[in-house]
2 protein chains.
Amino acid sequence: MNVEDYMNDLGQRARVAASAIARADTGLKNKALLMMAEALDKKRQALIEANALDLEAARKNGLDPAMLDRLALKESTIDGMIEGLRQVSALPDPVGGITDMNYRPSGIQVGKMRVPLGVIGIIYESRPNVTVEAASLCLKSGNATILRGGSEAIHSNQAVAACIQEGLQRAGLPMDAVQVVETTDRAAVGRLITMPEYVDVIVPRGGKGLIERISRDAKVTVIKHLDGICHVYIDAQADRSKAVNISLNAKTHRYGTCNTMETLLVHEAVAPEMLADLADRYLSAGVELRGCESARALVPSMKKATEDDWSTEYLAPVLSVKVVSSMDEAIMHINRYGSHHTDAIVTENYTLARRFLREVDSSSVIVNASTRFADGFEYGLGAEIGISTDKIHARGPVGLEGLTSQKYVVLGDGHIRQ
Amino acid sequence: MNVEDYMNDLGQRARVAASAIARADTGLKNKALLMMAEALDKKRQALIEANALDLEAARKNGLDPAMLDRLALKESTIDGMIEGLRQVSALPDPVGGITDMNYRPSGIQVGKMRVPLGVIGIIYESRPNVTVEAASLCLKSGNATILRGGSEAIHSNQAVAACIQEGLQRAGLPMDAVQVVETTDRAAVGRLITMPEYVDVIVPRGGKGLIERISRDAKVTVIKHLDGICHVYIDAQADRSKAVNISLNAKTHRYGTCNTMETLLVHEAVAPEMLADLADRYLSAGVELRGCESARALVPSMKKATEDDWSTEYLAPVLSVKVVSSMDEAIMHINRYGSHHTDAIVTENYTLARRFLREVDSSSVIVNASTRFADGFEYGLGAEIGISTDKIHARGPVGLEGLTSQKYVVLGDGHIRQ
C-alpha cells in the first residue's frame with residue numbers, strides 16, 4: 001500500500017472510531033485510561049527493550065546528548081506516563097456538559113452542549129511519552145487520534161501504542177480511536193495535515209521549524225505557538241522586591257521553556273536604582289545580558305543588544321534588557337516584538353494594571369506574577385496538549401476543553417416559529 | 001495601484017485600526033453605531049439615488065426579479081438598517097468581559113478575558129444592507145472589518161459606507177475600522193482570503209458556490225455553513241399534535257431559509273396513522289413530496305425519492321420523506337446525509353430525547369420544537385453574522401461572542417514559580 005492509501009485508511013478508521021468515542025460513557029473512557037496505565041506497568045521490560053533499539057540507532061546516527069535524553073524511556077519516564085494516565089482519568093469529562101440553558105420569550109429553552117472536535121492529528125518529535133499524553137487527552141475529550149511521532153522513536157512509540165490499544169480493547173472501546181502512524185515516510189505527515197475529510201485539527205509539538213512547515217501547508221486548523229518571546233515590564237510604581245523576585249524567576253527558573261522571559265523592560269524612573277542590582281543577580285546566576293543604550297549607560301558590562309535581540313527566543317541563559325519611558329512604550333514593544341505568548345507587568349498602580357491587562361495582545365497577560373505560571377497545570381486545566389498563541393478556537397494553554405466545541409441544544413414542548 | 005497593492009494597503013490600515021478598536025470604550029462604539037444610524041436617516045435620498053444606479057445596471061444586465069428584489073434599497077430597508085444599528089448599540093459589549101476568575105493553590109488568581117479576533121473580512125452578494133449589519137457586529141465586538149460586496153451593488157455599498165465612515169468619525173474612532181473594497185476586480189477577493197498577515201477570519205455570505213470557492217482557497221479560518229439539510233424525526237412515541245405542528249412549521253414557515261426542514265423522517269410504528277394526514281396538509285400548502293418505498297406504500301401520490309434527494313437542500317416547497325425502523329436509523333441517516341446544521345426529534349420519551357441530543361452531530365439539535373428556531377435572534381444572541389456548521393471556533397448561530405476569543409489573565413501579589 002502506498003503512503004497516501006495507508007493514510008486514507010487510517011483516516012477512514014479514525015472517522016468511524018470518532019463517532020463511537022464521542023458517544024462513549026465517561027466511565028468507559030476512564031477505564032480505558034486506567035487499563036492503559038496497567039498495561040504500561042506490566043510491559044515495562046518490553047518498553048525499555050523497544051526503546052533500546054531506538055537509542056542504539058540514534059547513537060549510530062550521532063544524535064546529540066540532549067536528543068538522546070529526550071528519547072530515553074527510563075523507569076521514571078514510565079512512572080510519569082502511568083501517573084499522567086491516572087490524572088487524566090480523574091479529570092472531569094467535558095463531553096456532554098450543558099451550560100447556559102435559558103428560556104427565551106418564544107418559550108423554547110436554549111443552551112450549549114460540549115462536543116468533541118472529531119479526529120485530532122498529533123505530530124511530535126523524539127519524546128515517546130508524548131504518545132501517551134496526547135492519546136489520553138484526546139480520548140478523555142471524546143476525540144479519535146492519529147499520532148505521528150519522530151522516526152527516531154518508532155520502536156518506542158509502537159511499544160507504547162500496543163499498551164494504549166490493550167487499554168482500549170479491555171474497556172471495550174474501538175482500537176482505532178488511537179492509531180499510531182507506523183511508517184517513517186515523511187509523506188505521511190504531508191498527507192495527515194491535508195485531509196480535512198478525515199482530520200479536524202492538527203496539534204504539532206516540536207521545534208519551530210516543524211511547526212512553521214506544518215502551519216504553512218496544513219489544510220485544517222493547527223493549534224500551535226511558534227515561539228515564546230515573553231516579557232516582564234517593571235513599572236515606575238513597581239514594588240521593588242516583587243520586581244526583583246519576578247524578573248529573576250521568570251528568567252532563571254528554567255531556560256528552555258516557552259514561558260521563560262526573554263526581554264526585560266524597565267521604566268526609566270526606576271532603572272537607575274534597580275538595574276545594577278538586577279544585573280549583579282543575573283550575572284551570578286550565569287545569565288548574559290544584552291542591553292539597549294540606556295541600559296548599558298547604567299550597567300556598562302552589558303553587551304549591546306541588536307535589533308534582532310528583541311525578537312529572539314534565546315531558550316538559554318541570555319536576556320535582553322530595554323529601558324522604556326512609559327507603560328505605553330512597553331506595551332508597544334511587547335505587541336510589536338513579542339510572540340503573543342505571555343507577558344507580565346510589575347506595578348502597584350491599579351489603573352496601569354487594568355490597562356496592561358486589556359491592551360497587551362498576548363494569550364496570557366499577568367500582573368505581579370512570574371511568566372512561568374503560563375501553563376495548563378498551573379492554570380488548573382489539569383493537563384495541557386499545547387499552548388496556542390492564535391485567537392481562533394483556543395488561546396493560551398489548551399486542555400481538555402480546547403479539544404472540544406459546543407453545539408446548541410433546544411428543548412421545546414411543541415413550539416413552532418410564529 | 002494594482003489590486004494586490006490596493007488590498008495590502010487596506011489590510012495594513014485594518015491592522016492599525018484593529019488595535020485602536022480593540023481598546024475602544026463601549027460608549028464610543030455605541031456612539032459610532034448611533035451616529036451611523038443618524039447618517040443613514042439623513043442621507044436617505046443619496047442612498048436611494050446610488051441604489052437606482054445599481055438597479056438600472058442590473059436591469060440592463062438582465063438580473064432576475066429575485067436578485068433585483070434583494071438589491072433594492074427601499075425606505076423600509078433603510079428603516080431596517082437604522083433599527084439594526086440601534087439594536088446592536090443596545091447589546092452588551094463582549095470585549096473585556098472577565099470570567100472564571102479563580103484562585104489556584106499557588107496563590108495566583110487565573111481567569112479569562114474576552115478579546116476581539118482582529119480583522120474580519122466579509123464577502124457577500126447583492127444585499128447592500130449586509131454592509132451595515134456586518135460592520136455593526138464587527139465594530140461592537142472590537143474588530144476591524146474589510147467588506148467586499150457584490151459588484152452589482154457597488155454604488156449602494158459605497159453610499160452606505162459613507163454613512164458608516166461618518167459615524168466612526170463623529171465618534172472619534174478610526175475610519176479605517178470599517179473599509180469597503182472599492183474595486184469590482186475579482187482578484188480582490190482572491191487576495192482578501194489569502195492574507196493572514198492582515199485578515200484573521202473570513203465570513204462569506206451568499207450562495208453555496210461562493211462559499212465553496214472561498215473555503216477551498218482561503219488561508220485563514222472561514223466561519224460558514226455550506227447548506228442546511230435539516231431533518232425532523234417523528235418518533236414512535238411522538239405526541240401526535242406536536243408532530244403535525246412542528247413538521248408543518250419546519251417546512252412551510254419559510255422555504256428559502258437554511259433552517260427549513262428538507263427531509264422528514266417518520267418511525268414506522270406511527271407512519272401509517274400519520275403520513276396520510278400529513279401528506280394532505282403538505283399538499284394543500286403546495287409542498288411536493290418525494291418518498292422512500294415505504295412512504296409511497298402509505299401515500300401512493302408521492303413521487304419517488306432518489307438517492308440524491310436525501311442530500312439536497314431544496315430551498316423550495318419540496319420535501320423528501322423517509323420511513324425508518326428506529327431512532328438509531330434516523331440518527332444514522334441525519335449524520336450521513338445531513339449538513340450538520342439543525343435537526344429535531346419529536347418524542348415524549350425521555351431516554352430517546354437525551355440520546356438524540358447527544359448523538360446527532362449538528363450545530364443545533366432540537367427536541368419538540370421547529371428547526372426554524374435555529375437563529376441568532378431566537379437563541380438570544382441579539383444578532384447573527386452567520387451560522388457555522390464547523391466545530392472549530394464557533395458552531396451554530398454566530399453572534400458577537402463568536403467574533404471574539406479569550407485570553408488568560410493572571411493576578412498575583414509577587415508570586416513566583418517554585
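So that the names make sense, note that chain A is the first sequence line, chain B the second, and so on, each numbered from 1.
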Separation of B/S388 OG from A/K407 NZ (nearest 0.5 Å) = 14.0 Å
Within residues 351-368 of chain B, contacts to chain A at heavy-atom distances under 4.5 Å involve B/L357, B/R358, B/E359, B/V360, B/S362, B/S363, B/S364, B/V365, B/I366, B/V367, B/N368
For chain B, which of A/S370, A/A344, A/S106, A/A369 has the most heavy-atom pairs under 4.5 Å?
-> A/A369
Quick one: what part of B/N102 sits under 4.5 Å from any heavy atom of chain A, side chain, backbone, both or neither?
-> neither
Find the distance between OH (B/Y379) and CG (A/D100) and round it off to the nearest 0.5 Å.
-> 14.0 Å
Side chain / backbone / both / neither for B/R372 at chain A, heavy atoms under 4.5 Å = both
Value for CD (A/Q418) from NE2 (B/H253), rounded to nearest 0.5 Å, stands at 7.5 Å
Is the number of heavy atoms from other residues, nucleotides or ligands under 6.0 Å of B/R240 CZ greater than 12?
-> yes
Whatever's closer than 4.5 Å to a heavy atom in chain A on B/P397 counts as both
Check whether more than 12 heavy atoms from other residues, nucleotides or ligands sit under 6.0 Å from atom OH of A/Y103, and answer yes or no.
-> no
In terms of heavy-atom proximity below 4.5 Å to chain B, should A/F377 be classed as side chain, backbone, both, or neither?
-> backbone
If you tally heavy-atom pairs under 4.5 Å against chain B, which of A/L248, A/V115, A/I246 wins?
-> A/I246
Name the option with the most non-hydrogen atom pairs under 4.5 Å to chain B; the candidates are A/I392, A/T404, A/V95.
-> A/I392
Chain B contact via A/D239 - which portion, at a heavy-atom distance below 4.5 Å | neither
Should we say atom CE of A/M101 is surrounded by more than 12 heavy atoms from elsewhere, each under 6.0 Å from it?
-> yes
Please flag which part of B/I345 lies under 4.5 Å from any non-hydrogen atom of chain A: side chain, backbone, both or neither.
-> neither
Under 4.5 Å from a heavy atom of chain A, the part of B/D200 involved = backbone
Should B/R417 and A/E378 count as an ion pair when the cut-off is N to O under 4.0 Å?
-> yes
Exceeds 12 heavy-atom contacts within 6.0 angstrom, atom CD of B/Q109 = yes
Would you mind checking which part of A/L381 comes under 4.5 Å of any heavy atom in chain B, side chain (CB onward), backbone (N, CA, C, O), both or neither?
-> side chain
Per-residue contact mode, A/V410 against chain B (heavy atom under 4.5 angstrom) = both
Is the closest side-chain heavy-atom distance between A/D413 and B/K242 below 4.5 Å?
-> yes
Taken to the nearest 0.5 Å, the spacing of A/S405 OG from B/R395 CZ works out to 6.0 Å
Under a 4.5 Å heavy-atom cutoff, which of A/L117, A/N245, A/L411, A/D390 has the most pairs with chain B?
-> A/L117
By a 4.5 Å heavy-atom criterion (distance strictly below it), what part of A/R23 contacts chain B: side chain, backbone, both, or neither?
-> both
Rounded to the nearest 0.5 angstrom, the CD1-OG1 distance for A/I416 and B/T252 is 8.5 Å
